[in-house]
Amino acid sequence: MIDPAILRTNPDLLRESQRRRGESVELIDELVAADVAKRSAQAAFDELRNQQKVLGKQIGPLQGALKKVTDDAARAAAQAEVDALMTQAQSLSDQVKEAERAASEASERLDALWLQVSNIVNMDSPVGGEEDFAVVENVGTPRDFDAEGFAPRDHLELGELLGAIDVERGAKVSGSRFFYLTGPGALLEIALLNLAMSQATAHGLIPMITPSLVLPSAMEGTGFLGQAAENVYRIEQDDMYLVGTSEVPLAGYHADEIIEADRLPLRYAGWSSCYRREAGSYGKDTRGIIRVHQFDKVEMFVFCRPEDAEAEHARLLSWEREFVDALEIPYRVIDVATGDLGSSAARKFDMEAWIPTQGTYREITSTSNTTEFQARRLRIRMRDESGTRPLATLNGTLCAMPRIIVALLENHQQADGSVVIPQALRPFLGGREVFTPAP
RNA sequence: GGAGGUGUCGCCUAGUCCGGUCUAUGGCGCCGCACUGCUAAUGCGGUUUGGGUUUAUCGCCCAUCGCGAGUUCAAAUCUCGCCACCUCCGCCA
């Protein structure tokens, strides 16, 4: 949700943001009208309610006094007075109820519209759709397998050769897009987890293991029930959702809280399974584990002052790069275009790893500055000298297991199908230097 | 899953039986001011959150007693549903 004051002071900013996203500009006009309607309905109710309270305050004492009157004539007079007030109060009560109904309807209409508005884009984000990203930097050099004299195997072939990945049995047990990590594959994930967490704690992030099943409020608050809703698993029987990222439980962690400014920034590294329906991606990435319904991920999440958010965003990106650098994987960083930001992000940087057998870069991390958007929806505020106000939240992938494993296997493979383990990972694999094909 | 109990403005707490000066009591903490060599102590005032009104200050109005409905002229208080926590029982990795 966006600061409602912007609607009154600078609606054109909202219109421009919607335009850049390729979303409805008319929505802002509806919003302006609904905002006016809501305020006037609320004011009408407030006024009537005030009258009702004033009247109510006269009735109580009068009724008390009535009991003490002994003189018959005086009693009748007092009774008449009470009756008159009661009559008045009764008709007022009907009006109050009607005004209250109107006010709450107007308020719900306004809220419903607000929920449709995506975050205001950062004006530095490249404008356009998925293909209109800007490349920020290329890091590392893809290997020249021709020069090395062999054709690279893809990650699935390598994974099966090493006894590390089993998608066939994944499909047998859970259907397509599910997999097992076996033997060295399982050890590799655990090592990656440990490397990620040791880096995260070295930077002062608080390690977290989070719920992966959440209430609708957490899902809605993080903005995943908008355009992204079709990719979310819902447990209908209990009205809960499986999270697609621990961003959801980490953001929700401080919902409804007011955090003292001197505790900020609060930085977390959450570990959880992630579930994605991958609706509408039939036929895409059907081979291997690039696109799966369930995987594990270490996600960074930050709560900070809004004025620090951009610097914090740069910091998250630098930590993502540090991790991928340590794994010696070639990659590029892209500045995601406005049409591809998702509803919550004002700006987003993705890291894309070079995948030799695809001859292209594929997304392995993503870091978003969601400014105050999620904090407003989740009612997370901070308190400093100037009072109480929403804070900013940011998130970034530290290690999404399947895609890191894909990049690792493909980029570090050797002609005989073995895979060299990057130096940084070896301490977490008992000093092992290479994975070799199972006999 | 069953039975019982609890939920009040940062923390603790009064109020709930029996609806109306509850404009929610008191303490702690915190903020401001005063007093005082300094500190401490003391005194006075302030201290939930959100919205509206106001150029702004001051102020005024509305909502908010776990959440939501209901009864009533009027709900912290009565009724119903839900949620969370605690105790006991049952079941369970």
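For clarity, every value in this text was computed on a predicted model and none was experimentally measured.
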Practice problem: Select base, sugar-phosphate, or nothing to describe what A:Leu92 touches, counting heavy atoms under 4.0 Å on all strands. | Solution: nothing
Quiz item: Does A:Lys53 make a side-chain N or O approach to OP1 or OP2 of B:C61 shorter than 4.0 Å?
Solution: no
Quiz item: Roughly how far apart, to the nearest Å, are B:C80 and B:G4 at atom P?
Solution: 13 Å
Practice problem: Please measure how far the P atom in B:G27 lies from the corresponding atom in B:U79, and state the result in whole Å. | Solution: 32 Å
Quiz item: Roughly how many Å is it from CG in A:Leu48 to P in B:G52, rounded to a whole number?
Solution: 19 Å
Quiz item: Across the strands shown, which category fits A:Arg8 at heavy-atom distances under 4.0 angstrom: base, sugar-phosphate, nothing?
Solution: sugar-phosphate
Quiz item: Out of B:A74, B:G52, B:U49, which nucleotide sits closest to the side chain of A:Arg39?
Solution: B:G52
Quiz prompt | A:Leu7 CG - B:G51 C1' separation (whole Å) | solution = 15 Å
Self-check item: Sugar-phosphate only, base, or nothing, as touched by A:Arg379 at under 4.0 Å among non-hydrogen atoms
Solution: nothing
Quiz item: Is there a Watson-Crick or G-U wobble partner for B:G32 with both distances under 3.5 Å, and which nucleotide is it?
Solution: B:C44
Practice problem: Mind telling me whether A:Tyr268 and A:His254 have parallel, tilted or perpendicular rings, with 30° and 60° as the class edges? | Solution: tilted
Quiz item: What is the base-pairing partner of B:U79, counting Watson-Crick and G-U wobble geometry with both distances under 3.5 Å?
Solution: B:A69
Exercise. Figure out the CG/P separation between A:Asp239 and B:C82, and round it to whole Å.
Key: 15 Å
Self-check item: Length of the CD-P vector between A:Gln52 and B:A63, whole Å
Solution: 9 Å
Quiz prompt | A:Ser246 and A:Glu299: side chain donor to acceptor below 3.5 Å | solution = no
Quiz item: What are the two closest non-hydrogen atoms of A:Val336 and A:Pro126, and how far apart are they?
Solution: O-CD, 3.8 Å
Self-check item: C1'-based separation of B:U64 from B:U55 [nearest Å]
Solution: 29 Å
Quiz item: Using atom P of each nucleotide, how far apart are B:C44 and B:U49 to the nearest Å?
Solution: 25 Å
Quiz item: So, is A:Arg49 near the phosphate of B:C61, with a side-chain N or O under 4.0 Å from OP1 or OP2?
Solution: no
Quiz item: Which nucleotide, in any strand shown, forms a Watson-Crick or G-U wobble pair with B:G1, with both distances under 3.5 Å?
Solution: B:C89
Practice problem: On the 0 to 90° scale, with breaks at 30° and 60°, tag the A:His293-A:Phe178 ring pair as parallel, tilted or perpendicular. | Solution: tilted
Exercise. For A:Ser91, answer base if it contacts any base atom (sugar-phosphate contacts may also be present), sugar-phosphate if it contacts only those atoms, and nothing otherwise; contact means non-hydrogen atoms under 4.0 Å.
Key: nothing
Quiz item: Quick one: on RNA chain B, does A:Lys38 or A:Phe45 contact a more 5' nucleotide (nearest heavy atom)?
Solution: A:Lys38
Quiz prompt | For B:U21, the Watson-Crick or wobble partner whose two distances fall under 3.5 Å | solution = none
Quiz item: Quantified in whole Å, what is the P atom distance between nucleotide B:A40 and nucleotide B:A76?
Solution: 41 Å
Quiz item: Taking any strand in view, what nucleotide pairs with B:U54 in a Watson-Crick or G-U wobble way, both distances under 3.5 Å?
Solution: none
Practice problem: Report yes if a side-chain nitrogen or oxygen of A:Arg383 is closer than 4.0 Å to either non-bridging phosphate oxygen (OP1 or OP2) of B:G10; otherwise report no. | Solution: no
Quiz item: Hey, is A:Asp12 close enough to A:Arg15 for a salt bridge, meaning N to O under 4.0 Å?
Solution: yes
Quiz item: Quantified in whole Å, what is the C1' atom distance between nucleotide B:A84 and nucleotide B:C30?
Solution: 29 Å
Self-check item: Test: A:Asp239 and A:Arg234 ion pair at under 4.0 Å
Solution: yes
Quiz item: Mind checking the C1' distance from B:U13 to B:G2? Whole angstroms is fine.
Solution: 33 Å
Quiz item: Quick one: is B:C73 close enough that its OP1 or OP2 comes under 4.0 Å of any side-chain N or O from A:Gln88?
Solution: no
Quiz item: Expressed as a whole number of Å, how far does the P atom of B:G51 sit from that of B:A56?
Solution: 15 Å
Exercise. Report which part of the nucleic acid A:Glu47 touches: base, sugar-phosphate, or nothing (heavy-atom distance under 4.0 Å, all strands).
Key: nothing
Exercise. Hunt down the Watson-Crick or G-U wobble partner of B:A74, both distances under 3.5 Å, from any strand shown, or write none.
Key: none
Quiz item: Would you say A:Arg315 and A:Met300 make side-chain contact, with heavy atoms under 4.5 Å?
Solution: no
Self-check item: Residue mapping more 5' on RNA chain B - nearest nucleotide basis, A:Gln90 or A:Gln51
Solution: A:Gln51
Quiz prompt | Distance test, side-chain N/O of A:Ser93 to OP1/OP2 of B:A74, below 4.0 Å | solution = yes
Quiz prompt | Complementary nucleotide of B:A84, counting Watson-Crick and G-U pairs under 3.5 Å | solution = B:U6
Quiz item: So what's B:C38 paired with, Watson-Crick or G-U wobble, going by both distances under 3.5 Å?
Solution: none
Quiz item: Within less than 4.0 Å of OP1 or OP2 of B:C62, is there a side-chain N or O belonging to A:Asn50?
Solution: yes
Quiz prompt | Nearest-angstrom distance from the residue atom CD of A:Glu100 to P of B:A63 | solution = 9 Å
Quiz item: Would you say the side-chain atoms of A:Ser272 and A:Lys297 include a donor-acceptor pair closer than 3.5 Å?
Solution: no
